[in-house]
Amino acid sequence: MQDLAAFYQNQLLNNTVPFWFPRSVDQEHGGYLFMRDADGSLIDDDKAVWIQGRAAWLLSTLYNTIEPKQEWLDAAKSGIDFLNQHCFDTDGQMFFHVTREGKPIRKRRYYFSETFAVIANAAYAKASGDETAAEKARYLFGKCIEYATQPGLLPPKFTDTRPAKGIGVPMIMMNTAQQLRETIGDPRCDEWIAKWIEEIKNDFVKDDIQCVMEQVAPDGAIIDHIDGRTLNPGHAIEGAWFILHEAKYRNNDPELIKLGCKMLDYMWVRGWDEQYGGILYFRDVYSKPVQEYWQDMKFWWPQNETIIATLLAYTLTGDEKYARWHKMVHDYAYSKFHDPEHGEWFGYLHRDGSVAQTAKGNLFKGPFHLPRQEWYCAQLLASLGY
């Protein structure tokens with residue numbers, strides 16, 4: 001464990017973070033330039049709003065928990081300022097995709113840009129003492145709760161012919177509340193976290209077929225159509241470690257440990273590729289063909305979430321199964337995704353582990369899942385004395 005703690009800390013600070021910073025800070029327009037090829041060269045100068053917020057969170061978190069480096073705080077401020085100055089529409093909703101200068105390109109029908117702005121502003125407020133950022137975080141958290149609970153505030157993606165809901169909302173909102181609570185605090189967090197965990201437990205976790213659904217009918221029933229049957233093991237495992245994190249926060253709550261480990265167990269079986277290793281992207285709940293053509297590829301982030309989940313499960317339970325799984329996914333990911341020449345990870349592999357394309361950053365990939373994994377695992381092990 002001592003070696004593992006040192007490994008994650010070293011990878012984070014001497015490999016992953018240096019790939020992105022300081023060169024990704026846009027000194028001309030603010031924010032960050034993250035669309036980069038394997039060697040770090042720019043392939044596009046557009047900006048994904050999700051990743052602007054995620055990166056500001058990361059930099060602020062490094063400042064708060066690793067070392068109060070002024071360069072990290074200054075870089076975090078660049079992202080916070082860009083978000084607040086350019087990434088909100090006149091109706092108060094956030095954009096998804098903007099130009100380098102901050103001109104809007106695309107807006108999507110959900111509010112994950114807002115959730116990442118919450119955690120960014122909260123972490124930055126803790127780092128800087130900026131009360132305006134703290135107020136922004138709490139305000140946006142309230143707006144996200146409204147979006148999550150009041151139908152009609154956002155335009156629907158589908159008609160009401162076949163109503164459905166996804167695990168993404170309770171899962172991401174739970175972690176947003178956890179981050180807000182652990183940085184600047186908010187009296188709403190505990191109650192809402194409990195509600196979102198109950199929703200996941202009651203509607204998405206299916207003990208009879210040992211599965212965690214990606215989407216279900218409003219009453220939790222399985223929708224027996226292609227979209228309704230499609231599983232995302234990495235997403236479910238991410239939700240599992242959010243619940244295990246909550247269990248740890250609540251003095252190792254045994255019921256939450258049981259729930260989080262059950263979700264991990266179910267989706268490891270569903271998602272782990274026994275032939276080549278790694279977590280597959282999509283599966284069908286009844287093992288029927290999956291519609292998405294990238295269903296058997298290996299994306300970077302499900303491996304990151306599984307590395308966290310297995311380590312957290314092991315430290316909470318002592319079950320050697322989780323130590324074994326952690327080693328399996330860790331060894332697979334760092335041997336296949338990591339780029340020993342330029343650092344960081346490739347994002348997309350074919351099923352056999354060969355690199356599908358060389359981009360390290362695009363509209364969806366940037367400095368978040370990998371550095372969060374390395375930071376979280378290093379912090380977890382340090383908290384246990386390693």
Side-chain angles (χ1 to χ4, degrees), residues 53-54 57 60-61 64 92-94 110-126 131-154 163-205 207 212-220 235-264 305 308-309 312 316 372 376:
R54 288 169 160 184
W57 169 85
S60 300
T61 299
N64 288 330
Q93 295 174 31
M94 295 188 75
Y110 44 70
Y111 45 93
F112 294 143
S113 290
E114 282 85 344
T115 65
F116 299 124
V118 171
I119 65 172
N121 276 284
Y124 178 72
K126 180 178 180 180
E131 189 54 36
T132 300
E135 291 173 1
K136 187 80 168 183
R138 294 189 181 105
Y139 169 77
L140 287 173
F141 181 60
K143 292 301 294 183
C144 289
I145 292 173
E146 289 180 16
Y147 294 144
T149 58
Q150 297 181 27
L153 289 184
L154 297 176
K165 64 178 183 177
I167 197 173
V169 168
M171 188 189 87
I172 296 300
M173 287 298 290
M174 171 176 36
N175 188 247
T176 301
Q178 289 171 331
Q179 291 297 317
L180 179 61
R181 180 182 62 194
E182 293 166 29
T183 48
I184 59 174
D186 188 291
R188 297 168 291 184
C189 291
D190 287 347
E191 178 185 357
W192 278 103
I193 289 169
K195 288 180 180 179
W196 289 316
I197 290 174
E198 280 300 302
E199 182 180 3
I200 291 170
K201 176 184 175 182
N202 293 334
D203 292 345
F204 293 91
V205 178
D207 293 326
V212 181
M213 302 302 297
E214 180 69 12
Q215 65 171 314
V216 292
D219 64 356
H235 218 203
I237 290 171
E238 185 178 15
W241 84 251
F242 292 165
I243 290 172
L244 290 173
H245 178 83
E246 190 64 20
K248 189 171 188 294
Y249 177 83
R250 298 188 195 177
N251 298 313
N252 297 347
D253 182 300
E255 289 303 310
L256 290 185
I257 292 173
K258 179 181 177 182
L259 175 61
C261 286
K262 182 165 62 176
M263 292 170 65
L264 171 57
E305 307 315 320
I308 295 175
L312 193 47
L316 287 170
R372 181 176 70 169
Y376 189 93

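- The backbone N or O of Ala177 lies less than 3.5 Å from no partner atom in the side chain of Asp186, so there is not a single donor-acceptor pair.
- Inter-residue side-chain proximity for His245 and Tyr376 is flagged as met; some heavy-atom pair is nearer than 4.5 Å.
- Between Lys195 and Glu198 there is no salt bridge, since no side-chain N of the basic residue sits under 4.0 Å from a carboxylate O of the acidic one.
- Closest non-hydrogen pair, Pro170 versus Gly166, comes out as CD-O, 3.4 Å.
- Using a 4.5 Å heavy-atom cutoff, the side chains of Val169 and Tyr111 are in contact.
- Distance check: Ile257 CD1 to Leu316 CG gives 4.5 Å after rounding to the nearest 0.5 Å.
- When all heavy atoms of Pro163 and Pro218 are compared, the closest pair comes out as O-CD, 3.3 Å.
- Nearest heavy atom pair, residue Ala309 against residue Leu264, reads O-CD2, 3.8 Å.
- Rounding to the nearest 0.5 Å gives a distance of 13.5 Å between OG1 of Thr61 and CZ of Arg54.
- Side-chain contact between Leu244 and Leu256 is absent, with no heavy-atom pair separated by less than 4.5 Å.
- With rounding to the nearest 0.5 Å, the separation of CD in Glu114 from CG in Asn121 is 11.5 Å.
- Ring geometry for Phe141 against Trp196 counts as perpendicular: the plane angle is over 60°, on a 0 to 90° scale with 30° as the lower cut.
- For Tyr124 and Trp57, the ring centers sit 6.0 Å or farther from each other.
- The aromatic rings of Phe116 and Phe112 lie tilted to each other, with the angle between the two planes from 30° to 60°.
- Annotation for Arg138 and Gly185: closest pair NE-O, 3.0 Å, computed over non-hydrogen atoms.
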**Item:** Stepwise side-chain contact (heavy atoms from CB on, under 4.5 Å) test for Asp203 and Met213
**Value:** CA-CA 8 Å; Asp203 292 345; Met213 302 302 297; over 6 Å; no
**Message:** Using side-chain contact (heavy atoms from CB on, under 4.5 Å), reason through Phe204 and Glu199 one step at a time and then give a plain yes or no.
**Reply:** CA-CA 7 Å; Phe204 293 91; Glu199 182 180 3; 4.2 Å; yes
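- One side chain, His235 or Glu214, offers a donor N or O that lies under 3.5 Å from an acceptor on the other.
- Between Lys126 and Glu182 there is no salt bridge, since none of the side-chain N atoms of the basic residue sits less than 4.0 Å from a carboxylate O of the acidic one.
- With respect to the salt-bridge test (charged N to carboxylate O, under 4.0 angstrom), the residues Glu238 and Arg372 qualify.
- With respect to Met173, the side-chain contact (heavy atoms from CB on, under 4.5 Å) criterion is satisfied by exactly one of Ile193, Val118, Ile145: Ile145.
- Separating the CZ atom in Phe242 from the CG atom in Asn175 is a distance of 3.5 Å, to the nearest 0.5 Å.
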**Request:** Run the numbers on Ile200 and Met263 for side-chain contact (heavy atoms from CB on, under 4.5 Å), then give the verdict.
**Result:** CA-CA 10 Å; Ile200 291 170; Met263 292 170 65; 3.9 Å; yes
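- Counting heavy atoms from C-beta on, the side chains of Leu154 and Gln93 come closer than 4.5 Å.
- Contact between Ser60 and Ala120 at its shortest, heavy atoms only, is OG-O, 4.4 Å.
- Between Glu246 and Arg181, at least one side-chain N (NZ, or NE/NH1/NH2) sits under 4.0 Å from a carboxylate O, which counts as a salt bridge.
- The closest side-chain heavy-atom distance from Ile119 to Leu180 is not below 4.5 Å.
- Between the CD1 atom in Ile197 and the NZ atom in Lys201 there is a gap of 10.0 Å [rounded to 0.5 Å].
- Of the charged side-chain nitrogens involved, none lies within less than 4.0 Å of a carboxylate oxygen, so that Lys248 and Asp253 do not count as a salt-bridged pair.
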**Request:** Give the intermediate values and the outcome of side-chain contact (heavy atoms from CB on, under 4.5 Å) for residues Trp192 and Met174.
**Result:** CA-CA 7 Å; Trp192 278 103; Met174 171 176 36; over 6 Å; no
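- Closest approach of Ala164 and Gln215 over heavy atoms only: CB-OE1, 3.3 Å.
- In this structure, OH on Tyr139 lies 10.5 Å from SG on Cys144, to the nearest 0.5 angstrom.
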